[in-house]
Amino acid sequence: MKTVISGVTIKSISACVPQNKVDLASFYDIFGEKEVQRIVASSGISSIRVATQSETTSDMCVKASEIVLEKRDRASIGAIVFVSQTPDYILPATAATLQNRLDLPKSVVTYDVCSGCTGYIHGLFLSAMLSSSMSCDVLLCTGDTISKHISDQDRSLRLIMGDAGTASIIGPAADKEMFFRFFTDGSRYSSLIIPAGGARDPYNEKNASVTERENGNSRSDRHLFMDGMEIMKFALSDVARLVGQSMKDEREEIDIYAFHQANKFIVDALSKNLKLDKEKVLLAVDGYGNTGPASIPVALCHCLANSEKNINHRGKGLFAGFGVGLSAGTAVVDLAECDICPVVESDRH
Amino acid sequence: MNSKIISKIAELVEENSENVALSSVLNDFDAWDSLAKVSFLVFASTEYGVQLGGVDFEKASTVSDLCNLITEKKNENSN
């Protein structure tokens with residue numbers, strides 16, 4: 001089902017990554033040089049950004065938000081949406097704390113949304129609805145510090161996932177519209193999961209124990225688990241189908257495809273599967289890793305800020321997020337007047 | 001088609017094509033691991049437009065089984 005939200009657009013986007021850069025060659029000792037190189041060749045990721053122990057997703061979102069708010073009247077912000085699986089606290093919601101940290105009006109309505117790699121699309125949809133119904137600007141923050149939930153002995157995730165936080169302003173624009181499509185299949189919830197720590201399996205001695213699991217990877221139930229084969233099947237079937245449908249939603253030609261940056265392997269496979277012009281498909285995985293709900297804005301900021309494309313070739317963008325849930329979502333957005341800022345590094349923590 | 005599949009499997013398991021035959025047992029290759037399997041799914045999808053990855057894929061023990069599986073799925077698609 002296609003949903004259209006009229007009269008709103010993305011006004012600006014910024015992204016912040018941790019200052020701490022980790023070269024994957026530093027994992028030769030743990031996983032072996034040959035194995036690391038084999039994964040790097042396929043993932044296209046030779047280094048990742050990893051938050052320090054005291055650095056949270058919201059810290060990076062605050063830095064990114066300061067950039068998009070700089071040229072804006074803060075009183076225009078009517079809502080804050082924070083999309084993350086790594087909030088600051090169990091409660092209160094991080095979005096509420098952002099009101100204070102960013103000195104935004106106390107009249108704002110705030111939402112935390114728990115979503116991963118589909119998160120930017122989930123957040124964009126909610127922000128566009130809020131902006132449309134409230135006739136105000138909405139601050140959308142997305143990101144994760146998922147590295148804190150990954151086992152050091154799980155090469156399938158440790159060598160792939162990175163941390164980041166982003167900020168976008170969604171606001172009224174009379175002649176613009178956005179198209180959305182969504183897909184959710186909760187039967188496959190266990191394909192990407194942190195099983196312990198929630199109400200279903202609270203922290204206990206058993207779920208703290210690290211044991212050897214599939215493919216020689218070791219982790220506990222408190223760590224993130226990903227069934228790579230299931231996710232790839234999902235990307236090539238349901239996600240490809242959803243993107244294919246979304247391509248027909250827009251009468252004009254799509255200029256930019258910004259897919260969730262899981263890794264080079266998946267982005268390439270999706271592009272090939274959909275027979276897309278490679279020039280139009282953004283890729284920004286090297287130096288960042290898979291940054292979950294931050295990956296689409298990170299790709300936009302990395303590839304389009306300060307580039308010729310920023311001015312000349314930017315028109316319609318098709319975004320696609322997919323992953324945990326399992327879920328997927330697409331958005332077709334006019335980027336012609338969007339202010340896309342370069343990726344910045346976090347302050348030292 | 002089969003020779004193309006054989007050379008893809010050879011590439012994935014880091015062997016010369018001469019060392020991979022239709023009768024080769026996939027698990028005999030050290031490098032036939034999860035990454036190689038996922039790569040093979042992508043190959044089948046982009047090259048032949050078929051979705052593998054079900055129980056049939058897990059049960060395939062030889063190169064020949066994979067070739068037959070792709071042929072089967074292709075026929076299903078065209079029917």
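When reading the values below, keep in mind they use all heavy atoms of this one structure, side chains included, and skip hydrogens, waters and symmetry mates.
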| query | Where on B:Glu14 is there a heavy atom nearer than 4.5 Å to chain A: the side chain, the backbone, both, or neither? | reply |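 Just its side chain gets close to chain A.
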| What part of B:Phe57 gets closer than 4.5 Å to chain A, counting heavy atoms only: side chain, backbone, both or neither? |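 The side chain, not the backbone.
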| query | Is A:Lys280 close enough and on-axis enough to A:Tyr257, meaning under 6.0 Å and within 45°, for cation-pi? | reply |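 No.
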| So what's closer than 4.5 Å to chain A heavy atoms on B:Ala36: side chain, backbone, both or neither? |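 Contact with chain A is through both the backbone and side chain of B:Ala36.
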| field | Side-chain heavy-atom pair B:Thr62, B:Leu26 within 4.5 angstrom cut-off | value |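 The answer is no; the side chains never approach within 4.5 Å.
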| request: Go through the steps to decide whether A:Leu318 and A:Met247 satisfy the test side chain to side chain contact (heavy atoms under 4.5 Å, CB included), and finish with yes or no. | output: CA-CA 8 Å; A:Leu318 194 160; A:Met247 286 163 69; 3.7 Å; yes
| query | So which of A:Glu35, A:Lys275, A:Lys233, A:Lys272 has the largest heavy-atom pair count under 4.5 angstrom toward chain B? | reply |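 Answer, by heavy-atom pair count under 4.5 Å with chain B: A:Lys233.
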| request: Apply ring pair (Phe, Tyr, Trp, His ring centres under 6.0 Å) to the pair A:Phe182 and A:His122, showing each step before the final yes or no. | output: CA-CA 9 Å; A:Phe182 291 98; A:His122 285 146; 5.7 Å; yes
| task | Kindly compute the distance separating CD1 (B:Ile6) from CG (B:Leu66), expressed to the nearest 0.5 Å. | result |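 So the CD1 of B:Ile6 and the CG of B:Leu66 are separated by 10.5 Å.
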| field | Side chain, backbone, both or neither of A:Ser237 within contact of chain B (heavy atoms, under 4.5 Å) | value |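 Answer is both: backbone and side chain atoms of A:Ser237 are under 4.5 Å from chain B.
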